[in-house]
Structures are given as structure tokens and as C-alpha cells.
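These notes concern the structure reproduced below.
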There are 2 protein chains.
Amino acid sequence: MKTRIRELRAKTGITQEELAQQVGVRRETIVFLEKGKYNPSLKLAYRVARTLGSTIEEVFIFEEEDLA
Amino acid sequence: MKTRIRELRAKTGITQEELAQQVGVRRETIVFLEKGKYNPSLKLAYRVARTLGSTIEEVFIFEEEDLA
DNA sequence: ACACATTGTTAGATATACCTAACAGGTGCA
DNA sequence: TGCACCTGTTAGGTATATCTAACAATGTGT
């Protein structure tokens, strides 16, 4: 799964650390999310999206394989 | 977290078992989701939403506390 | 009342999201 | 050069989503 986290972070000018704090997770978690290295819980995805001023389906980009 | 799974299932006339099969999880998982008893992974939420012909943010209803 | 489909619940096992701590590489600025 | 700040990575631990299997409860039609 790809994400627009980095892009949206840049747009709002916040760091991984700041995003992590606002969302309530560790910075490493943001790093992993940003790189698509794991599949977050729905609530976490929601908090990230809202903190970035966006929606889940705009921040997280699903692929064919995610439906199978 | 509340969901509209049961409502949408009724609308499309499919059972928990059928939804589970289409989504690729066990029926118990659907039961728990439907009752808001746990916080699914983002990909699972996506598959459930698509299978019900809807979107994540329409199927899963977030509350204040989900932002904290 | 009886069958049958659907839904609900429980308990134990497994996978993995997420935490914690620590360190390394890059970039900009004094 | 040297110091901050930001980012990336790694390893071990904890919590919990999901699986499996089995059974109970409820509903629905005959």
C-alpha cells in the first residue's frame, strides 16, 4: 500500500516527529507507514488522515492486491 | 467504533458468512466488526467497504475518542 | 413441534502492529 | 569544523487482530 503521507506532511510543513506526537504514536511508526511497510489499524489511519487535513481514502492508496 | 455493516448487509441481502467469504476472513471476524468489538486493519476495512459497495468512511463511523 | 439457516459466544493459538531504545546518515547553518 | 535537526534502520518486547473449532441462541418456514 502506498501513501501520500510524505507529500501531505511537506504541504503542511510538519515533521515525522510532530505528526507522530499529534497522532499519538512513535516516530518509527510514521516512518513505516510512510514507506508502506505496514498495514495500520483503521483508527490510526483515521487519525493520520485527519491530522493531515484529509481523508483515509485520499491518504492511503490501495492497490489491486489489497482487494484479494 | 460503530459500523453500518449490518445495515448494508441487509440492503444487499448477504449473510455474515457470505460477506466473510468475499472479504476473505472468518465469519466470527465479521461478527466482531459488526459489533464494533475491534479495530480492523486498514486493508480489511477497505475490503469490507468495497464488498458492501461503499467506502471506508461510510461504513465505519468514527467517534470523538477515536481522534484522541 | 421440527428442521434449518443465521447469528452469537468462547477459548486457545498465531501473526503482526506498535512500542521502546539506541544508533547512523544526511542536511543546513553558525 | 561542529552542532542541531530530520530521517532511516534495527532488535527485542507487548498488545491485539485474526484464525480455528466448537457449541449455544435465535429466527424462520413447514
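We name chains A, B, ... by the order of the sequence lines, and we start the count at 1 in each one.
- For B/Arg50 against B/Thr55, the heavy-atom pair with the smallest separation is NH1-CA, 3.8 Å.
- In this structure, A/Thr3 OG1 and A/Leu8 CG are separated by 8.0 Å, a value rounded to the nearest 0.5 Å.
- Screening residues 3-27 of chain B for ring pair (Phe, Tyr, Trp, His ring centres under 6.0 Å) gives no qualifying pairs among residues at least two apart or on separate chains.
- Of the residues in residues 45-53 of chain A, none has a non-hydrogen atom less than 4.0 angstrom from any atom of DNA chain C.
- Between B/Arg47 and A/Glu65 no salt bridge is recorded (no basic side-chain N to carboxylate O distance below 4.0 Å).
- Straight-line distance from the CD1 atom of B/Ile30 to the C1' atom of C/dG8: 14 Å, rounded to whole Å.
- The footprint of chain B on DNA chain D, defined by a heavy-atom cutoff below 4.0 Å, extends from D/dA17 to D/dA22.
- When the C1' atoms of four end pairs are superposed on the next four at each end of the helix from C/dA1-D/dT30 to C/dA30-D/dT1, using five pairs per end, the two resulting axes differ in direction by 40°, to 10°.
- With hydrophobic clusters built from ILVMFWY side chains whose heavy atoms lie under 4.5 angstrom apart, B/Val31 does not share a cluster with B/Ile61.
- For residues 18-27 of chain B, the pairs satisfying side-chain hydrogen bond (donor to acceptor under 3.5 Å, both in side chains) are B/Glu17-B/Gln21, with sequence neighbours left out.
- Listed by residue number, A/Arg9, A/Thr15, A/Gln16 are the residues of residues 7-20 of chain A with a heavy-atom contact under 4.0 Å to DNA chain D.
- A search for side-chain contact (heavy atoms from CB on, under 4.5 Å) contacts involving A/Lys11 returns A/Glu7, not counting sequence neighbours.
- Within the structure, ring pair (Phe, Tyr, Trp, His ring centres under 6.0 Å) contacts touching residues 4-42 of chain A (residues at least two apart or in different chains) are A/Phe32-A/Tyr38.
- Side chains of B/Leu52 and B/Leu19 form a contact here, defined as non-hydrogen atoms less than 4.5 Å apart.
- Looking at B/Ile56 and B/Leu42, their side chains come closer than 4.5 Å, going by heavy atoms from C-beta outward.
- Checked against ring pair (Phe, Tyr, Trp, His ring centres under 6.0 Å), B/Tyr46 has the following partners two or more places apart in sequence or in another chain: A/Phe62.
- In this structure, B/Val48 and B/Val23 approach most closely via the heavy-atom pair CA-CG2, 3.9 Å.
- Counting only residues at least two apart or on different chains, the salt bridge (charged side-chain N to carboxylate O under 4.0 Å, His left out) pairs with a member in residues 34-45 of chain A are A/Arg6-A/Glu34, A/Arg9-A/Glu34, A/Lys43-B/Asp66.
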Would you give a per-nucleotide map of nucleotides 13-29 of chain C, 5' to 3', where B means the base has a protein non-hydrogen atom under 4.0 Å away, S means only the sugar-phosphate does, and - means neither?
-> ----SSSBBB-------
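- Non-hydrogen atoms lying under 4.0 Å from DNA chain C are contributed by nothing in residues 57-67 of chain A.
- Atom-to-atom distance recorded for A/Leu33:CG and A/Ile5:CD1 is 5.0 Å, nearest 0.5 angstrom.
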